[in-house]
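Working notes, structure below.
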Amino acid sequence: MAAIIVHAGAAAHKTVLQREGCEKAAQEAYKLLTEGKSALDAVEVAVCALEDNPLMDAGHGSVLNAAGEVEMDAMIADGSSLNYGSVAGVRNISNPISLARMVMDDTPHVMLIGEGANLFAKEKGVPEVDPDELVTAEAKEAYQTFKQYSSVVDNVFNTDDNLGHDTVGAVAIDLHGNIAAGTSTGGISLKRVGRVGDSPLIGCGGVADNGVGGVSCTGHGESIAKVLLAQRSLSTLQAKNGVDAEGALRESLEYMLERVGGRGGTIMVTKNGDVAKHYTTRRMAWASVSKTGQLDSGL
Ligand code: GLY
């Protein structure tokens, strides 16, 4: 039994193309799972595909901070060992998710930030890219259209217009029952330099535990961090005896909306191999390949 689900961010507006990008990423990763590759490998491959897609706010396509620069966050979580790796505020590389994996696999740490993360990337031989290569016309337009961070949050997450986009992620279970989750983001346009959102924080932007399931989140990072959305979703599932994954995601997102006024989206794979998604924004591009091998996708 293997399954995977991916998302291209809550508040997606280039929906059809983003949905196609999700389908391709999910199928590529599912093939690896059927060949016996690990959930961690599948999640890394899926998130890399989404980071390489300029329609997504991660890797190539990342939005710009208040100084007009790209600063990216990512995390990967291993549900078998509860180990995880994350990076925050990294620049000049294409695939922060792979750097997060290196932090997990090759250091005794769980998170590296800013200059230290980029130094580690250099040490590991990760190719540097020209910062301009990561920047799209759409990211520049969002930077120029929205004058301040609060209007980005209002427009991207809190209105029906859903201008802008946010974050990518993947959750998978492999043939051995191991679960992994990964999340990667350029953050939110016009964020303060040095601002870190939910995405690289364990239990906030993602989490995985073989005994329950795995989750990746998207949406307003400050809200997600305040309610520990990923862990809350898993704990809610556990309280439901591991069934009704969609209900666990819905209740957790509704709690976030009620308690801190934030909107977002989540995807989940349970220890039984069930996939689920839910979002409180108008749209979220997603795709899954279920344990029966069926491809589904939506907006
Ligand atoms: N959810 C991504 C962020 O707020 O940075």
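Every heavy atom of this structure was used, including side-chain atoms; hydrogens, water molecules and symmetry mates were not. First listed ligand is number 1; within each ligand, the first listed atom is number 1.
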Worksheet item: Under a 4.0 Å heavy-atom cut-off, what residues line ligand 1?
Response: Asp166, Thr167, Thr185, Gly187, Ile188, Arg195, Gly197, Asp198, Ser199, Gly219, Gly221

[X] side chain vs [Y] backbone, donor-acceptor pair below 3.5 Å:
| X | Y | value |
| --- | --- | --- |
| Asp209 | Gly213 | no |
| Glu51 | Ile97 | yes |
| Arg263 | Thr280 | yes |

Worksheet item: Does the pair Lys124/Asp106 count as a salt bridge with the N-to-O cut at 4.0 Å?
Response: yes

Fill in: salt bridge (charged side-chain N to carboxylate O under 4.0 Å, His left out) partners of Asp274, counting only residues at least two apart
Lys291

Worksheet item: How far apart are the C-alpha atoms of Val43 and Ile76, what are their side-chain angles, what is the distance that settles it, and do they pass the side chain to side chain contact (heavy atoms under 4.5 Å, CB included) test?
Response: CA-CA 8 Å; Val43 160; Ile76 193 160; 4.1 Å; yes

